[in-house]
2 protein chains.
Amino acid sequence: MSPTTDAPRRRLSKARVLEAAIALADHGGLEEFGMRRLAQELGVVPMALYKHVANKEELVNAMIDIVFSEIEIPSSGLDWRSGLRRRAMSAREVLKRHSWAIGLMETASPGPANLRNHNAVMGCLREAGFSFQTAIHAYSVQDAYIYGFAMQEKTLGLQAPRDAGDAARRRAQTIRAHEEFPYLAEIAAKLSETGYDPATEFAWGLDLILDGLDQLLRAT
Amino acid sequence: MSPTTDAPRRRLSKARVLEAAIALADHGGLEEFGMRRLAQELGVVPMALYKHVANKEELVNAMIDIVFSEIEIPSSGLDWRSGLRRRAMSAREVLKRHSWAIGLMETASPGPANLRNHNAVMGCLREAGFSFQTAIHAYSVQDAYIYGFAMQEKTLGLQAPRDAGDAARRRAQTIRAHEEFPYLAEIAAKLSETGYDPATEFAWGLDLILDGLDQLLRAT
DNA sequence: ACCTGAACACCGTTCAAGT
DNA sequence: ACCTGAACACCGTTCAAGT
């Protein structure tokens with residue numbers, strides 16, 4: 001209301017809206033994210049946003065393409081395997097940073113950064129010598145793994161018990177698991193000793209897939 | 001309002017609420033799904049639902065566990081590879097039927113059907129001779145692939161253009177792709193000839209992963 | 001050209017009341 | 001014991017007005 005709000009009253013712009021939108025979603029997830037809340041963060045009335053973005057859906061699509069632009073593109077300087085490996089590792093890191101984007105990366109109406117990245121991946125495979133059909137398969141299995149792993153990692157990150165009640169419920173569940181679900185009990189017992197590093201876990205599956213593709217390429 | 005509403009006025013029960021909820025979500029997706037809309041479908045006032053479920057979140061969790069219960073459990077009668085393969089193929093089919101569940105399967109506080117299935121998968125791997133650590137990796141790569149593929153298939157399913165404007169926009173994009181993104185242009189050109197079957201596409205990547213796991217098992 | 005205020009048609013959910 | 005009605009605190013968005 002008063003001119004002494006904490007947000008500096010610079011002119012609004014699409015870039016500034018997008019930046020604030022991503023910061024808000026990064027911080028609070030998709031549930032906290034909304035037009036009214038975003039306007040508040042920018043020190044502006046909700047309707048001011050609609051001069052810079054058509055609606056919420058268009059805004060989210062633009063945010064998604066910014067996320068895509070942060071993913072490394074397989075450079076033609078590297079061999080196909082290193083290029084794809086770096087791109088996949090980068091994608092996981094980016095999706096960790098912007099975990100609200102995880103369910104939305106595969107949206108209809110892909111943006112330019114999305115197209116650029118996917119074109120480069122497909123190019124990398126074709127130039128390596130994969131047939132068109134095999135390149136399609138290889139492309140599909142990689143992206144499914146990347147997005148699926150990011151999803152798993154996200155919910156694992158939410159496992160941190162929020163309050164004492166949650167923790168107690170979880171403990172009770174673990175005890176029941178001991179009786180009915182011996183193999184889950186083994187996980188609960190051993191994984192807390194070993195620890196669990198998502199980055200190396202991701203790399204293990206990624207290398208399994210890339211090994212498989214490499215064998216296919218050598219066999220032809 | 002009048003006693004002649006189309007829904008038969010049988011007594012409400014948690015089972016009846018869940019059944020109607022899944023039917024509604026299957027039909028209209030998560031966006032159409034809501035407490036008020038669900039109540040309307042059951043011919044009841046919104047608040048009547050709250051005697052049978054605590055809130056929307058608890059309701060969705062219960063729905064998710066029903067989805068889990070529809071996924072085949074790897075039977076101990078089969079060899080490990082066939083068991084896991086059948087379970088994965090079944091998971092994809094179930095997620096196709098209930099595509100609203102795709103982002104939510106890996107939720108915190110898993111239900112009993114979830115625990116049962118995951119325990120059986122882990123047991124299948126351990127009994128096949130995989131070490132604990134390798135079994136964890138194998139488990140992770142499979143589920144990441146299954147959920148990631150389901151996500152991709154879901155958005156591919158939404159690609160069907162809704163109106164003429166959409167179709168025109170998509171065509172324009174394809175033309176631009178020809179110039180800037182030759183490898184995407186190749187996909188657009190060739191994939192419409194070949195056709196694309198999600199089930200065989202899914203099996204290709206699944207077999208690549210299972211082959212890799214099989215080689216690991218034989219090497220030890 | 002850019003921002004605002006009031007309003008509309010929605011949510012999930014609480015609370016006090018009906019039968 | 002089960003269902004209802006009115007209300008509360010939210011949404012995204014439209015429309016007419018301000019500067």
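Only a predicted model underlies this, so the values are computations on that prediction, with no experimental measurement involved. Note on naming: letters A, B, ... go to the chains in the order of the sequence lines (proteins, then strands), and numbering restarts at 1 for each one.
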Point to revise | 5′-ward residue of the pair A:Lys51/A:Phe33 relative to DNA chain D | key: A:Phe33

**Study point:** D:dG12: pairing nucleotide in any strand, Watson-Crick or G-U under 3.5 angstrom
**Key:** C:dC8

Point to revise | Among D:dC3, D:dT13, C:dT4, the one nearest B:Leu12 by side-chain distance | key: D:dC3

Nearest-angstrom distance from the residue atom [atom1] of [X] to [atom2] of [N]:
| X | N | atom1 | atom2 | answer |
| --- | --- | --- | --- | --- |
| A:Arg37 | D:dG12 | CZ | P | 12 Å |
| B:Met47 | D:dC3 | CE | P | 12 Å |
| B:Leu59 | C:dC11 | CG | C1' | 15 Å |
| B:Gln40 | C:dG12 | CD | P | 12 Å |
| B:Glu31 | C:dC10 | CD | C1' | 15 Å |
| B:Leu49 | C:dG12 | CG | P | 10 Å |
| A:Leu42 | C:dT4 | CG | P | 11 Å |
| A:Leu30 | D:dC11 | CG | P | 14 Å |

Practice item. Check whether the side chains of B:Glu201 and A:His137 place a donor and an acceptor atom closer than 3.5 Å, and report yes or no. Key: yes

Review point. Going through the distances and angles, do A:Tyr50 and A:Met35 end up as a side-chain contact (heavy atoms from CB on, under 4.5 Å)?
Key: CA-CA 9 Å; A:Tyr50 286 83; A:Met35 299 303 268; 3.7 Å; yes

Check your understanding: With nearest nucleotides of DNA chain C determined for A:Ala48 and A:Arg36 from heavy-atom distances, which residue corresponds to the more 5′ nucleotide?
Key -> A:Ala48

Check your understanding: If you measure from the Lys or Arg side-chain nitrogens to the Asp or Glu carboxylate oxygens, is any gap between A:Glu72 and A:Arg85 under 4.0 Å?
Key -> no

**Study point:** Side-chain ion pair, B:Glu153 and B:Arg92, N-O less than 4.0 Å
**Key:** yes

Check your understanding: Does OP1 or OP2 of C:dC3 have a side-chain N or O of A:His52 closer than 4.0 Å?
Key -> yes

Check your understanding: Under 4.0 Å between a side-chain N or O of A:Lys56 and OP1 or OP2 of D:dG12?
Key -> yes

Check your understanding: With a non-hydrogen cut-off below 4.0 angstrom, is B:Met35 in contact with a base, only sugar-phosphate, or nothing?
Key -> sugar-phosphate

Exercise for review: Return yes if some donor-acceptor pair links the side-chain N/O of A:Asp65 with the main-chain N/O of A:Ala113 below 3.5 Å, else return no.
Suggested key: yes

